Amino acid sequence: MRFTTTFYSPHRVDIMAFQFRFDSLLQLRKRQRDEVGNEVGKANEAIRRVDEQIEQLQQERDQLRAQAAGVIAGQTQTGTTDATPTRPANLSVDRMLQQGRYDLQLQTEQMSLRQTHGTLMQELDRRQTLLVAAEAEVKKLERLRETRQTEHTKLQLQREQAEADDLTTARMVIARRNAARTLNGDTRS
């Protein structure tokens with residue numbers, strides 16, 4: 001049967017798990033950063049949709065202009081400038097005026113979408129600025145956490161070393177007492 005003696009050490013401290021005091025704040029900042037990141041994504045999506053609408057309107061305008069050019073080219077190639085009972089000349093003029101008005105309407109819609117695009121770009125810039133600030137805040141807290149964890153680990157190692165030193169010192173004292181007793185002929189335990 002082996003008996004072990006436990007010595008009291010003033011440095012003895014049970015190993016404690018590291019707990020970051022600002023952990024809840026760090027989690028909150030991460031959630032805020034993620035929310036701002038989602039808002040940046042939404043702004044990018046809105047800009048993409050507006051760009052697509054502008055492009056669709058431009059394609060429609062180009063198609064409309066191509067049709068108008070084809071109609072004009074077709075009339076000049078056939079050489080029909082006289083109004084005939086089956087095909088009055090003002091019918092193509094009315095159609096061209098209607099196409100012109102429609103083109104102006106499309107152009108107005110494009111200009112409105114470009115203004116919306118500009119507003120969305122400003123909003124995107126604002127959100128990206130918020131994202132950069134939120135990311136900086138998270139990184140600052142993460143660096144603080146790492147620093148505190150390193151300090152905690154260092155302190156724990158110092159405590160363990162002090163405890164080991166105390167234990168070694170106590171063993172040496174006991175060994176010296178035992179050696180001194182043996183030399184003096186004392187057989188007490």
Side-chain angles (χ1 to χ4, degrees), residues 1-59 109-189:
M1 197 178 225
R2 181 176 176 167
F3 294 98
T4 57
T5 307
T6 305
F7 296 97
Y8 170 76
S9 169
H11 301 288
R12 181 168 176 85
V13 177
D14 291 331
I15 298 175
M16 297 176 358
F18 173 72
Q19 186 168 352
F20 184 49
R21 183 172 37 165
F22 301 113
D23 205 26
S24 59
L25 181 62
L26 175 61
Q27 297 309 317
L28 174 68
R29 294 292 187 246
K30 283 182 177 180
R31 279 194 306 273
Q32 288 173 342
R33 177 201 56 195
D34 294 344
E35 289 172 5
V36 172
N38 287 337
E39 293 300 316
V40 168
K42 288 177 185 177
N44 278 324
E45 179 62 24
I47 289 170
R48 185 191 61 76
R49 280 185 274 139
V50 167
D51 285 342
E52 285 177 358
Q53 289 174 347
I54 290 171
E55 181 60 32
Q56 286 173 350
L57 289 175
Q58 186 60 47
Q59 288 175 358
E109 287 179 34
Q110 265 187 323
M111 288 180 0
S112 174
L113 286 172
R114 285 190 178 111
Q115 288 176 345
T116 302
H117 183 271
T119 304
L120 288 172
M121 288 300 291
Q122 290 173 350
E123 180 63 19
L124 176 64
D125 288 343
R126 185 186 72 77
R127 290 178 183 187
Q128 285 176 334
T129 302
L130 289 174
L131 180 60
V132 167
E135 184 65 33
E137 187 69 25
V138 166
K139 284 185 179 186
K140 183 170 52 172
L141 286 169
E142 285 176 340
R143 281 192 305 268
L144 179 62
R145 184 179 202 282
E146 288 173 11
T147 302
R148 295 287 167 88
Q149 189 167 13
T150 301
E151 290 171 359
H152 175 78
T153 303
K154 184 178 177 182
L155 184 61
Q156 286 298 110
L157 289 174
Q158 287 173 348
R159 288 177 180 166
E160 290 173 8
Q161 185 63 44
E163 185 178 331
D165 290 347
D166 288 346
L167 193 59
T168 302
T169 302
R171 286 182 181 157
M172 286 177 48
V173 167
I174 291 171
R176 284 185 188 163
R177 282 185 195 161
N178 288 340
R181 286 182 190 161
T182 307
L183 287 177
N184 292 337
D186 190 5
T187 58
R188 289 183 293 169
S189 298

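Just so we're clear, the structure is a prediction, and the values are computed from it rather than from any experiment. Quick note: residue numbers are just sequence positions, from 1. Hydrogens, waters and symmetry mates are skipped; everything else that's a heavy atom, side chains included, is used.
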*Asks:* Nearest heavy-atom pair of V40 and Q128: which atoms, and what distance?
*Replies:*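 Closest approach of V40 to Q128, heavy atoms only: CG2-N, 3.9 Å.
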*Asks:* Below 4.5 Å, heavy atoms only, C-beta onward: do L155 and Q158 meet side chain to side chain?
*Replies:*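 They are in side-chain contact.
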*Asks:* Going by ring pair (Phe, Tyr, Trp, His ring centres under 6.0 Å), name the pairs with one or both residues in residues 154-180, residues two or more places apart or in two chains.
*Replies:*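 Those involving residues 154-180 do not exist here.
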*Asks:* Roughly how far apart are N44 CG and M121 CE, rounded to 0.5 Å?
*Replies:*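 That separation rounds to 8.0 Å.
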*Asks:* Going by atom type alone, with no hydrogens or angles, which donor-acceptor pairs under 3.5 Å involve a side-chain atom of residues 129-139 and a protein atom two or more places apart or on another chain?
*Replies:*
residue: T129; atom: OG1; partner: D125; partner atom: O; Å: 2.9
residue: E135; atom: OE1; partner: R33; partner atom: NH1; Å: 3.4

*Asks:* I'd like to check the side chain to side chain donor-acceptor pair (under 3.5 Å) partners of Q58; sequence neighbours left out, ordered by chain and number.
*Replies:*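 By the side chain to side chain donor-acceptor pair (under 3.5 Å) rule, Q58 matches D62, Q110.
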*Asks:* Using ring-ring contact (aromatic ring centres under 6.0 Å, His included) as the criterion, list what pairs up with H117, not counting sequence neighbours.
*Replies:*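 By the ring-ring contact (aromatic ring centres under 6.0 Å, His included) rule, H117 matches no residue at all.
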*Asks:* Is E151 salt-bridged to K154, cutoff N-O under 4.0 Å?
*Replies:*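 No, no charged N to carboxylate O under 4.0 Å.
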*Asks:* What is the minimum heavy-atom distance between R127 and V36, and which atoms define it?
*Replies:*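 Shortest heavy-atom separation between R127 and V36 comes out as O-CG1, 3.6 Å.
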*Asks:* Roughly how far apart are Q115 CD and S112 OG, rounded to 0.5 Å?
*Replies:*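 Q115 atom CD to S112 atom OG measures 6.0 Å (nearest 0.5 Å).
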*Asks:* Is it the case that over 12 heavy atoms from other parts of the model lie below 6.0 angstrom from the CD atom of Q19?
*Replies:*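 No, CD of Q19 has 12 or fewer neighbouring heavy atoms, counting only those of other groups under 6.0 Å.
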*Asks:* Kindly compute the distance separating CZ (R126) from CD (E39), expressed to the nearest 0.5 Å.
*Replies:*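 Going from the CZ atom of R126 to the CD atom of E39 covers 8.5 Å.
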*Asks:* Atom CD in E52, atom CG in L57: separation rounded to 0.5 Å?
*Replies:*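 So the CD of E52 and the CG of L57 are separated by 12.0 Å.
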*Asks:* Using the test side chain to side chain donor-acceptor pair (under 3.5 Å), find all partners of E45 that sit at least two apart in sequence or belong to another chain.
*Replies:*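 Listed in chain order: R48.
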*Asks:* With sequence neighbours excluded, give me every ring pair (Phe, Tyr, Trp, His ring centres under 6.0 Å) pair touching residues 121-180.
*Replies:*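 Pairs touching residues 121-180 that pass the test: F18-H152.
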*Asks:* Check F22 against R148 and note the closest heavy-atom contact, atom names and distance.
*Replies:*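 Nearest heavy atoms, F22 then R148: CE1-NH1, 4.4 Å.
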*Asks:* Tell me the closest heavy-atom pair linking L141 and F20, and the distance in Å.
*Replies:*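 What the structure gives for the nearest pair is O-CZ, 3.8 Å.
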*Asks:* Can you tell whether the side chains of R29 and E142 come within less than 4.0 Å, N to carboxylate O?
*Replies:*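 Salt bridge flag = no for E142 with R29.
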*Asks:* Can you tell me how far CZ of R145 sits from CG of L25, rounded to the nearest 0.5 angstrom?
*Replies:*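 CZ of R145 is found 12.5 Å from CG of L25.
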*Asks:* Mind checking the CG-OG1 spacing from D51 to T116? Nearest 0.5 Å is all I need.
*Replies:*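 Atom-to-atom, D51:CG and T116:OG1 are 11.0 Å apart.
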